[in-house]
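Side chains are part of it too, since the values below use all heavy atoms of this structure and drop only hydrogens, waters and symmetry mates. If you're wondering where the values come from, they're calculated on a predicted model, not measured in any experiment.
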Amino acid sequence: MALGNVIEEGEGNGDTFDRLKFNAKEGKYFHSYYDRENSSKEEEEFTDNFRAIVDFDNIDVGWADFSGSEPSVITVKLPNQLPNKPSDDHKKYANVKLYNSKFGVVNFGSSAQSVLQKIDELHDAYTKANKKELLPLVHFNGVTEPKRFGKGTVKLPIFEIVGWKSREEMETVIGKQTEPKEETAPVKEESAAKKDLDDLSSAFGDDDF
């Protein structure tokens, strides 16, 4: 990914989505989202074993400071040049959107150098594959054993590209989460055998990634 080797000046876009965070000290993911039913922000621990499409076509890089009462994040899209570092408290930051049928679309980003290194390695694998017009399907396959990094001990995410998806497939995933459910007229009860087969068929597809 080469966070420092970008070529043109630009500005962040301010998009807001649910967020998937990774805590390297605990080796755990946390899903932050807005609960519209209760009009409240929620955060819960998320599994460390899942698959998601990673939108490396639109990765944001820049600077972030999460130490204050309000986060300060300034990003640009690759391959734009990094903006000037706003303060000594800001650290290098990268953010990418993930898509799957469980959480729809989330931002996945970090300013932790250990996690950035793993994201960088994944981005290098993506660019080296040179799969034009396709996005990587990535298996978030647990975490490493505790290891020393800098002055601390961390558990790092394990990423593996296991397939490739078109942007149309990615947008289909988003559509499943956002399209309103249509009211349908009652239908006659199907035979048990056919209903069981349909239920089984629909169950496959939900866990594709």
Which pair of non-hydrogen atoms, one from [X] and one from [Y], has the smallest distance, and what is that distance?
| X | Y | result |
| --- | --- | --- |
| L116 | K92 | CD1-O, 3.3 Å |
| V115 | A24 | CG2-CB, 4.0 Å |
| K118 | P157 | CE-O, 3.4 Å |
| E43 | S32 | OE1-OG, 2.7 Å |
| L134 | W164 | CD1-CB, 3.9 Å |
| S110 | Y93 | O-CD1, 3.3 Å |

Kindly indicate whether the side chain of [X], heavy atoms from C-beta on, has any atom under 4.5 Å from the side chain of [Y].
| X | Y | result |
| --- | --- | --- |
| R148 | T153 | yes |
| F140 | T47 | no |
| P136 | I53 | no |
| P86 | D65 | no |
| N49 | H139 | yes |
| E44 | F30 | no |
| I59 | K77 | no |

### Query
When you look at L135 and S166, which way does the side-chain contact (heavy atoms from CB on, under 4.5 Å) test go after all the steps?
CA-CA 6 Å; L135 298 176; S166 68; over 6 Å; no
### Query
With sequence neighbours left out, what residues match D89 under salt bridge (Lys or Arg N to Asp or Glu O under 4.0 Å)?
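None.
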Interatomic distance, [X] atom [atom1] to [Y] atom [atom2] [nearest 0.5 angstrom]:
| X | Y | atom1 | atom2 | value |
| --- | --- | --- | --- | --- |
| R19 | H31 | CZ | NE2 | 11.5 Å |
| H90 | S67 | NE2 | OG | 8.0 Å |
| T75 | L82 | OG1 | CG | 10.0 Å |
| K165 | K131 | NZ | NZ | 13.0 Å |
| F149 | L156 | CZ | CG | 7.5 Å |
| D60 | N80 | CG | CG | 9.5 Å |

### Message
Please determine whether side-chain contact (heavy atoms from CB on, under 4.5 Å) holds for the pair N107 and K97, giving the CA-CA distance in whole Å, both sets of side-chain angles, and the decisive distance to 0.1 Å.
### Response
CA-CA 5 Å; N107 276 322; K97 290 181 178 61; 3.5 Å; yes
### Query
Should the pair H123 and F56 be assigned to parallel (<30°), tilted (30 to 60°) or perpendicular (>60°) ring geometry?
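The rings of H123 and F56 stand perpendicular, inter-plane angle above 60°.
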### Query
Given W63 and N84, is the side-chain contact (heavy atoms from CB on, under 4.5 Å) satisfied, shown in steps?
CA-CA 9 Å; W63 306 96; N84 292 329; over 6 Å; no
### Message
Is there a path of hydrophobic side-chain contacts, each under 4.5 Å between heavy atoms, that joins I161 and V54?
### Response
yes
### Task
Answer with yes or no whether the hydrophobic clustering places Y33 together with F108; edges join I, L, V, M, F, W, Y residues whose side-chain heavy atoms lie under 4.5 Å apart.
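Not linked; separate clusters.
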### F103 vs D18, side-chain contact (heavy atoms from CB on, under 4.5 Å): CA-CA, chis, key distance, verdict
CA-CA 9 Å; F103 48 59; D18 291 347; over 6 Å; no
### Message
Holding to side-chain hydrogen bond (donor to acceptor under 3.5 Å, both in side chains), I want the full list of residues that pass it with N58, two or more places apart in sequence or in another chain.
### Response
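Checked N58 against side-chain hydrogen bond (donor to acceptor under 3.5 Å, both in side chains); matches are D55.
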### Task
Sequence neighbours left out, what passes ring pair (Phe, Tyr, Trp, His ring centres under 6.0 Å) with Y29? Give chain and number order.
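For Y29 the ring pair (Phe, Tyr, Trp, His ring centres under 6.0 Å) partners, ignoring immediate neighbours, are F22, F50.
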### Query
Take atom NZ in K85; do more than 12 heavy atoms of anything else shown fall under 6.0 Å from it?
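More than 12 heavy atoms, drawn from other residues, nucleotides or ligands, come within 6.0 Å of this atom.
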